[in-house]
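See below for the structure under consideration.
Nothing here was measured: the structure is a model prediction, and the numbers come from that model.
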Number of protein chains: 2
Amino acid sequence: MVATTPPSTRREPLTRDRVLRVAIDRADEGGVEALSMRPLAQELGVVPMALYKHVANKDQLLDAMVDAVMGEVNEAVSRVDAGSPAWQPTIRARILAARNVFLSHPWAPGLMVSRTTMTPAVVQYVDGLVGLFLDAGYSIDLTHHALHALGSRALGFTQELYDDSGEADAQAEQMLEQMAAAYPNITAMVAGIVHDADTTLGWCDDQVEFEFALDLLLDGLAALRARS
Amino acid sequence: MVATTPPSTRREPLTRDRVLRVAIDRADEGGVEALSMRPLAQELGVVPMALYKHVANKDQLLDAMVDAVMGEVNEAVSRVDAGSPAWQPTIRARILAARNVFLSHPWAPGLMVSRTTMTPAVVQYVDGLVGLFLDAGYSIDLTHHALHALGSRALGFTQELYDDSGEADAQAEQMLEQMAAAYPNITAMVAGIVHDADTTLGWCDDQVEFEFALDLLLDGLAALRARS
DNA sequence: ACCTGAACACCGTTCAAGT
DNA sequence: ACCTGAACACCGTTCAAGT
């Protein structure tokens, strides 16, 4: 047999980082609501109570997970800032880079809106974004309004309310037909969009919708800046 | 003693409506995460399992609660439609009326974004809103984009990410001072807004921010409609 | 001093035993 | 047939007993 690490140190020591890493992996796979302390400990080959040496409680674990994802966002954003001189494309690119990170951690947005404490990495990200607005000549007031108007979109995600991106299966179509009488407008809209669809992605593309809304807001804000 | 309802029928019978009503009351007071089946049953003077005669499980109870709130919204909206002929003020008024309802059920937004099933009252509300856009001459495509761009704001709420409406207490101010070096932009923004504040509400007013963002979006959409 | 198993105080829900 | 208590399979976390 090949010489590996000696048996006594085979089980790599439990660190806060390792706890965070597998917690995030588990959340990526099964969602955050399926993440509980006991199975997490088991996956780490450790007794449940051992986790409490590295995180005070589950709440702090969740905060740390969010912070780690925002750390990824900050790293991704720093790679993207090859500095176009125009402020609007810069902000746009930064937000879309952030969005890319959230696409691989779909549980993170839900966690972020439910949590009230702002972690350091979030503060860092927002500080950078505020800096871009101020550098672009936005007043402090307008920058503040912009942050609220963008809402979670400033961080790079939206909480889609109801999933309308799924392909229309037989059951849904039948239900739609029954709804036609009671809800004529929504039925017309769905029918019209399905008909016009030029992709096979279903009848709406999250990326397109995100960019549409983002540009609508950034254009509107730019007009307000120019006017002031 | 005064003749009241006879003792045998004193305890009014448990109905689905009564379950919903006190469930919503409890959520209004303590938040939805503090709502559990056992205490809910106790408040209703009933054994926990009795609830399961009226709701299949807790998930269905939560869906029904959301539907009830959206019912309130639809009712409020119907009272507001004293029909201005212009589409934009009409949509604006409708959304602000919806928002008013959510202000007294602060747990509802969080529940709505976490749930994937669209209840009848939601469909009804969205159908009405889509109707307004279509009547205003919006194309089906633009209406669909509008719905996505407005997001939860179309329903009358935003999930505020981090609460910055609190008054700056001593601890927060001290922390802010320590942050000034690391996060100059955000510090400048907070300082600037606190200084300019013309209200005692703290340094931002949710209602004002909501209307600002709503108008920004509706104005932008109106421009797109005019151009097409 | 450190680690850990059992225990505590909860959950939502099943199910069999009572009426 | 209907109602319901006890029980089941989980939670997060405390704590005292082991080393």
Side-chain donor/acceptor pairs under 3.5 Å, residues 32-45 of chain B, sequence neighbours excluded:
{"from": "Glu43(B)", "atom 1": "OE1", "to": "Arg26(B)", "atom 2": "NH1", "distance (Å)": "3.0"}

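Remark: side-chain polar atoms of Ser152(A) are paired, donor with acceptor, to backbone N or O of Phe157(A) under 3.5 angstrom.
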(request) Just do the side-chain contact (heavy atoms from CB on, under 4.5 Å) check on Phe210(A) and Ile95(A) with the steps written out, would you? (result) CA-CA 10 Å; Phe210(A) 188 92; Ile95(A) 289 177; 3.9 Å; yes

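Relative orientation of the His145(A) and Phe212(B) rings is parallel, given thresholds of 30° and 60° on the angle between their planes.
Taking atom CG of Asn57(B) as the reference point, atom P of dT13(C) lies 5 Å away to the nearest angstrom. Distance Lys53(A) NZ to dA1(C) P: 12 Å, rounded to the nearest Å. As a whole-Å value, the separation of Leu51(A) CG from dT4(C) P is 11 Å. Here dA6(C) presents its C1' atom at 12 Å from CE of Met49(A), a figure rounded to the nearest Å. The CG atom of Leu35(A) sits 12 Å away from the C1' atom of dC11(D) (whole-angstrom rounding). Rounded to whole angstrom, the span from the CG atom of Asp59(B) across to the C1' atom of dC11(C) amounts to 14 Å. What separates CD of Gln42(B) from P of dC11(C) is a distance of 10 Å, to the nearest Å. When rounded to the nearest whole Å, the span between CZ of Arg38(A) and C1' of dT13(D) equals 9 Å.
Minimum interatomic distance between Leu61(A) and Ala23(A) (heavy atoms only, all atoms of both residues): CD1-CB, 4.3 Å.
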(message) Let me check I have this right: for DNA chain D, each base becomes ., (, ), [, ] or |, based on Watson-Crick or G-U pairs with both distances under 3.5 Å. What is the full string?
(response) ||.|||||...|||||.||

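Between the CZ atom in Arg99(A) and the CD atom in Gln207(A) there is a gap of 4.0 Å [rounded to 0.5 Å].
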